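Just below is one structure, and these are the notes that go with it.
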Amino acid sequence: MPTLDSIKGTVEILDKYRFNFQKRFGQNFLIDAHILDKIVTGADVNENDCVLEIGPGIGTMTQYLAERARHVIAVEIDKALIPILGDTLSSYDNVTVINDDILKVDINALVKEYNDSKPIKVVANLPYYITTPIIMGLFEADVPIDSITIMIQKEVADRMQVGPGTKDYGALSLAVQFYSKPEVIAYVSPDCFIPKPNVGSAVIRLKRYAKAPVDVNNKDFMFKLVRAAFNQRRKTLVNSIGNAGIGISKEKILEALNQMELNESIRGEKLSLEEFARLSNILEG
């Protein structure tokens, strides 16, 4: 049974190993049993699943995952936490702990070894500074993933699920929505962590699409357009893309916008994912 889902349990293990929090790793450990259960339930973890947990910390959520999953692969970058994980997870024979940087791990190789290359579920309490590189790394590497359920900064979760015309809409919104269906499961108070973060958090589930929701001939080219549009989001699409140095003339952009019956002064923040896909197909053609 889980033993770390409280201040008392967490403090005891931290004191036992004289652990010092590392700000560079963005360490904030969950101490709320209700939220932990919400994460694992929201991720729909069952006895057939192989779960990749990123940043297990002292093993609090790992214990919850191990109670429900067939196997858990826990990747932890901080070597000071490895002996603690050896202690807190000693009663679970279905957990593999790996001391490495998730951005350097060959996740496809892990999926092949532990799940016969079938889709895994990813669960994580992510350091805020590295949220986007991890999520996009998982999607763009074509790792077989069923879903990603993560604790992240509330404002980042909000950006992932909003649509065009809102102030939070941007390149991250479009990228996440191209690969997955985002759904916020819970909002989490700073009081649910030790130490307390300075901002509110949210748990969001990204259910991976089997097929992209839009027809685009070249997704890499489309995301070049998206990045160009939002790098200078106050400028019109004609100017932001035309000045981005990606070989698209302003005249060609104007022609494409006219073909799409869009105003020549439109900005990128007004275009939906479908419209970016169509613009990409026209400009590439």
Side-chain angles (χ1 to χ4, degrees), residues 24 26 101-104 126-143 148 150 152-182 184 198-200 202 204 206 208-209 212-285:
R24 65 195 173 106
D101 180 348
I102 191 64
L103 296 176
K104 298 177 181 177
L126 288 182
Y128 297 149
Y129 72 94
I130 205 167
T131 297
T132 301
I134 288 177
I135 292 172
M136 297 317 301
L138 288 167
F139 282 144
E140 291 171 353
D142 289 326
V143 175
I148 303 173
I150 47 173
I152 55 176
Q153 188 173 344
K154 178 185 178 297
E155 68 173 46
V156 177
D158 290 341
R159 285 208 300 270
M160 289 181 178
Q161 59 177 347
V162 295
T166 59
K167 67 180 179 64
D168 291 326
Y169 184 66
L172 179 62
S173 320
L174 287 154
V176 166
Q177 292 168 33
F178 177 80
Y179 289 105
S180 67
K181 179 181 179 180
V184 170
N198 296 322
V199 294
I204 190 167
L206 311 177
R208 180 76 185 257
Y209 287 127
V214 295
D215 292 320
V216 62
N217 299 331
N218 185 336
K219 68 180 176 68
D220 293 332
F221 178 70
M222 181 184 75
F223 282 117
K224 278 186 181 179
L225 298 180
V226 168
R227 285 191 293 272
F230 287 98
N231 279 344
Q232 296 180 309
R233 65 183 297 150
R234 293 186 179 277
K235 293 189 175 182
T236 65
L237 265 180
V238 174
N239 287 323
S240 59
I241 295 176
N243 295 335
I246 56 176
I248 307 295
S249 70
K250 292 182 180 181
E251 291 73 23
K252 193 171 182 182
I253 301 165
L254 280 170
E255 288 175 12
L257 292 177
N258 287 330
Q259 188 174 330
M260 295 172 65
E261 299 182 343
L262 293 174
N263 193 296
E264 294 179 357
S265 63
I266 197 168
R267 296 175 179 175
E269 62 193 30
K270 297 294 185 181
L271 265 65
S272 66
L273 177 60
E274 291 79 7
E275 287 169 325
F276 267 111
R278 189 178 174 204
L279 179 65
S280 174
N281 291 343
I282 293 171
L283 290 177
E284 191 194 25

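Excluded from the calculations below are hydrogen atoms, water molecules and symmetry mates; all remaining heavy atoms, backbone and side chain alike, are included. One-based numbering along the sequence shown. Every value quoted in this text rests on a predicted model; they were computed, and no experiment measured them.
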Counting N and O atoms only, with roles assigned by atom type, does the side chain of [X] sit under 3.5 Å from a partner on the main chain of [Y], one being a donor and the other an acceptor?
| X | Y | value |
| --- | --- | --- |
| Arg267 | Arg234 | yes |
| Ser173 | Arg159 | yes |
| Ser280 | Phe276 | no |
| Thr166 | Gly163 | yes |
| Lys154 | Val199 | no |
| Gln161 | Ile204 | no |
| Glu264 | Leu257 | no |
| Asn239 | Lys235 | no |
| Asn281 | Asp215 | yes |

>> Can you classify the ring geometry of Tyr179 versus Phe139 as parallel (below 30°), tilted (30 to 60°) or perpendicular (above 60°)?
In response: parallel
Can you give me the closest heavy-atom contact between [X] and [Y], atom names plus distance?
| X | Y | answer |
| --- | --- | --- |
| Lys167 | Arg233 | O-NH2, 3.8 Å |
| Pro164 | Leu271 | CB-O, 3.7 Å |
| Leu283 | Lys252 | O-NZ, 2.8 Å |
| Ile241 | Ala229 | CG1-N, 4.5 Å |
| Val162 | Asp158 | CG1-O, 3.0 Å |
| Gln259 | Arg278 | O-NH2, 3.5 Å |

Could you tell me if the side chain of [Y] sits less than 4.5 Å from the side chain of [X], heavy atoms only?
| X | Y | answer |
| --- | --- | --- |
| Leu103 | Ile130 | yes |
| Ile246 | Leu225 | yes |
| Met160 | Thr131 | yes |
| Ile150 | Ile135 | yes |

Worksheet item: Phe223 and Phe178: aromatic ring centres closer than 6.0 Å?
Response: yes
Exercise for the section: Any chance you could lay out the side chain to side chain donor-acceptor pair (under 3.5 Å) test for Ser265 and Asn263, step after step, and finish with the verdict? Expected result: CA-CA 5 Å; Ser265 63; Asn263 193 296; 2.6 Å; yes
Q.
Can you confirm whether Asn198 is buried at CG, in the sense that more than 12 heavy atoms of other residues, nucleotides or ligands lie under 6.0 Å from that atom?
A. no
